[in-house]
Asker: 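Structure in structure tokens, see below.
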Amino acid sequence: MSEYPYQHPGGCECGAVQFLYHCQQPLAEITARVCKCLYCQPRAASYLSDTMSALHVQVKDLRYLYAHRFGTNTADFMYCAVCNMQVFVRSEVEGRVYALVSARALKEFAQLQNFATMDFDGESLPERLSRRSQGWIPELQMHCDAAG
Ligand SMILES: [Zn+2]
């Protein structure tokens, strides 16, 4: 039996970047966090994460992924280079990689019922990094179809 009872598939619109979000709950029981920062708000972005979850990302080729950095420059917002859809976020804290799922990239986005608005303005950088290491997905695996 898997450590994670639920696997939520997702990816970008064109399918070049796909993922499986392994977690403990059905989407209807998960609260997505809506970020109010200058970067996320215009994009209507919301995110999922849980300290007891894992994100497995599959890309056809690493060229299909590109990263945007913004604000404190400590998080990579990962996009598909073909269709420009934001798929996930990664951040490195003390040598360990943490991730968030972009809610809109979930195939079953419509099943999400709970959204909470977060405001992290005024947070110091150490506070921000420690929040990530205590709330984000602690396991990000990347698989690439094109070997080499
Ligand atoms: Zn795409």
Side-chain angles (χ1 to χ4, degrees), residues 2-121 128-129 131-148:
S2 162
E3 193 183 345
Y4 302 107
Y6 292 91
Q7 276 84 39
H8 303 299
C12 66
E13 274 170 16
C14 77
V17 185
Q18 299 185 45
F19 65 76
L20 259 189
Y21 179 44
H22 301 260
C23 67
Q24 309 288 337
Q25 296 158 299
L27 292 181
E29 290 175 17
I30 295 176
T31 299
R33 295 192 303 282
V34 181
C35 181
K36 282 306 200 197
C37 84
L38 288 171
Y39 186 82
C40 294
Q41 193 170 20
R43 294 168 170 81
S46 57
Y47 303 96
L48 306 188
S49 70
D50 191 294
T51 54
M52 293 283 289
S53 67
L55 180 61
H56 294 183
V57 177
Q58 179 92 34
V59 288
K60 286 181 181 163
D61 191 297
L62 283 179
R63 288 175 305 162
Y64 290 131
L65 265 185
Y66 74 94
H68 261 180
R69 285 206 157 187
F70 178 81
T72 57
N73 221 29
T74 53
D76 291 319
F77 294 85
M78 305 302 293
Y79 286 79
C80 170
V82 182
C83 67
N84 288 317
M85 181 159 173
Q86 189 196 104
V87 185
F88 64 102
V89 185
R90 69 189 288 286
S91 178
E92 213 171 301
V93 183
E94 289 169 358
R96 193 156 177 186
V97 173
Y98 295 88
L100 294 177
V101 172
S102 298
R104 282 188 187 282
L106 288 161
K107 264 204 179 87
E108 290 153 348
F109 174 72
Q111 291 181 11
L112 281 170
Q113 292 166 17
N114 305 299
F115 293 86
T117 298
M118 313 301 281
D119 188 349
F120 299 121
D121 272 358
R128 187 166 298 238
L129 295 177
R131 169 171 55 77
R132 286 177 184 162
S133 66
Q134 286 163 31
W136 283 30
I137 302 163
E139 188 193 327
L140 172 65
Q141 282 186 27
M142 302 280 298
H143 302 277
C144 187
D145 292 348

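For ligands, and for the atoms within them, numbers begin at 1 and follow the listed sequence.
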Asker: Can any side-chain N or O of Asp61 pair as donor or acceptor with the backbone N or O of Arg63 at less than 3.5 Å?
Answerer: yes
Asker: Once rounded to the nearest 0.5 Å, what's the spacing between atom OH of Tyr47 and atom CE of Met118?
Answerer: 13.0 Å
Asker: When rounded to the nearest 0.5 angstrom, what is the spacing between OG1 in Thr31 and CD in Gln113?
Answerer: 10.0 Å
Asker: If you look only at pairs with a residue in residues 95-112, which of them pass as a side chain to side chain donor-acceptor pair (under 3.5 Å), with sequence neighbours excluded?
Answerer: Gln86-Ser102
Asker: Checking Asn114 side chain against Ala28 main chain: does a donor-acceptor pair fall under 3.5 Å?
Answerer: yes
Asker: So, at under 2.8 Å, which protein N, O or S atoms would a careful student list around the Zn ion (ligand 1)?
Answerer: Cys12 SG, Cys14 SG, Cys80 SG, Cys83 SG
Asker: Side-chain donor-acceptor pair under 3.5 Å between Ser91 and Arg128, yes or no?
Answerer: no
